[in-house]
Amino acid sequence: MTKAAFIGLGVMGYPMAGHLATAGCDTTVFNRTTAKADQWVKQHGNSRALTPRDACTDKDFAFICVGNDDDLRSVIYGNDSVLAGLSEGSTLIDHTTASAEVAREIEEEAAKRGIHFIDAPVSGGQAGAENGKLTIMCGSDKKAFETAEPIMKIYGQRVMLMGPTGSGQLTKMVNQICFAGLLQSLAEGINFAQRAGLDTEKVFDVLSKGAAQSWQMENRATTMSVGEFDFGFAVDLMRKDLSICMAEAQNNGAALPVTALVDQFYQQVQMKGGSRFDTSSLILNLRE
Ligand SMILES: NC(=O)c1ccc[n+]([C@@H]2O[C@H](COP(=O)([O-])OP(=O)(O)OC[C@H]3O[C@@H](n4cnc5c(N)ncnc54)[C@H](OP(=O)(O)O)[C@@H]3O)[C@@H](O)[C@H]2O)c1
């Protein structure tokens, strides 16, 4: 039986770890707030550990899904950490959205111990995690990817190797860059339609069959029109991701004028108390 550890039972990690258990992996979870780990064990059986090290000891695979680069470092390094628990030949898969730089740093540390590392950020949100239909963008060598691909397919609808270490995170950055501009355009379109006195339902019904069609238009236009912003991926997390994109762009010279502007718009949403609103809440800035 495949033995797995899962570190970080948040909105994304909790259901992902659940899919591993349901698929028959011998799964040990760790969560900083232990009540969540207790709840997970109550729901899925298997076991929980009190440190990342204990969770990872004697495992074939360890998965991590925490917040940002610093959170990642705090579970990866140190006496009670993931790297202290894993053995030579095991594979560490990181689903956190983090920088490409931290991915390369962890790969180097893992390689010193004979541990394979894959940066594997995800897209698809809470619903994708719960339904086991995530898109997973991976950075690693081919051998590590081929070892881990079948297990990631338990909750990944599309699992793809994008290139060497860091390439998964770089691909996720492209996703967030495209996503940010698109949401602002959609917010402007909805606001314009409303101020023009159009029936927004009809507008987006017809437009969603044409060239301006997008997943956001099909799934968020109606809820944005009525001011509902309770659909998962939060403004705070989006700003964390955009800051990673902008830092990387300083390294590679890419211009991100719209991304930088939309980041400021998200800051305005935060200032209006919308830190936990979902990313479609950009339309709030256009309401005054
Ligand atoms: N939510 C989405 O729709 C979505 C979509 C795609 C990608 N992502 C990315 O996936 C990652 C996780 O997102 P999420 O929505 O699951 O976040 P979340 O609900 O806030 O959960 C974060 C998890 O990380 C743990 N954690 C945070 N800092 C830690 C630390 N320093 N040490 C130990 N554990 C720590 C938290 O433990 P506690 O329970 O103790 O706080 C919790 O289990 C993020 O990088 C996010 O950007 C999220």
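Read the numbers this way: they start at 1 and go in the same order the structure lists the ligands and their atoms. Below, all heavy atoms of this structure are taken into account, side chains as well, without hydrogens, waters or symmetry copies.
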Asks: Check whether any side-chain heavy atom of Asn46 sits under 4.5 Å from a side-chain heavy atom of Asp26, and report yes or no.
Replies: yes
Asks: Gln268: which residues meet the side chain to side chain donor-acceptor pair (under 3.5 Å) condition with it, sequence neighbours left out?
Replies: none
Asks: Among residues at least two apart in sequence or on other chains, which ones pass side-chain contact (heavy atoms from CB on, under 4.5 Å) with Ala254?
Replies: Ala249, Asn252
Asks: Under the side chain to side chain donor-acceptor pair (under 3.5 Å) test, which residues partner Glu105, sequence neighbours left out?
Replies: Arg73, Tyr77
Asks: Go through the steps for Lys153 and Glu149 under the test salt bridge (Lys or Arg N to Asp or Glu O under 4.0 Å), then give the verdict.
Replies: CA-CA 6 Å; Lys153 281 199 161 161; Glu149 188 184 11; 3.4 Å; yes
Asks: Can you list every pair where an N/O of ligand 1 is under 3.5 Å from an N/O on the protein?
Replies:
| from | atom 1 | to | atom 2 | distance (Å) |
| --- | --- | --- | --- | --- |
| ligand 1 | 16 (O) | Val11 | N | 3.2 |
| ligand 1 | 16 (O) | Met12 | N | 2.9 |
| ligand 1 | 19 (O) | Val11 | N | 2.9 |
| ligand 1 | 28 (N) | Asp71 | OD1 | 3.3 |
| ligand 1 | 28 (N) | Asp71 | OD2 | 3.4 |
| ligand 1 | 31 (N) | Asp71 | OD1 | 3.2 |
| ligand 1 | 31 (N) | Ser74 | OG | 3.2 |
| ligand 1 | 39 (O) | Asn31 | ND2 | 2.9 |
| ligand 1 | 39 (O) | Lys36 | NZ | 2.6 |
| ligand 1 | 40 (O) | Arg32 | NE | 3.0 |
| ligand 1 | 40 (O) | Thr33 | N | 3.0 |
| ligand 1 | 40 (O) | Thr33 | OG1 | 2.5 |
| ligand 1 | 41 (O) | Arg32 | NH2 | 2.8 |
| ligand 1 | 43 (O) | Leu9 | N | 3.1 |
| ligand 1 | 43 (O) | Gly10 | N | 3.3 |
| ligand 1 | 43 (O) | Asn31 | OD1 | 2.6 |
| ligand 1 | 45 (O) | Val66 | O | 3.1 |
| ligand 1 | 45 (O) | Gly67 | O | 2.8 |
| ligand 1 | 45 (O) | Thr97 | N | 3.0 |
| ligand 1 | 45 (O) | Lys240 | NZ | 3.1 |
| ligand 1 | 47 (O) | Lys240 | NZ | 2.8 |

Asks: Taking only Lys NZ, Arg NE, NH1 and NH2, and the carboxylate oxygens of Asp or Glu, determine whether Glu109 and Arg113 approach each other closer than 4.0 Å.
Replies: yes
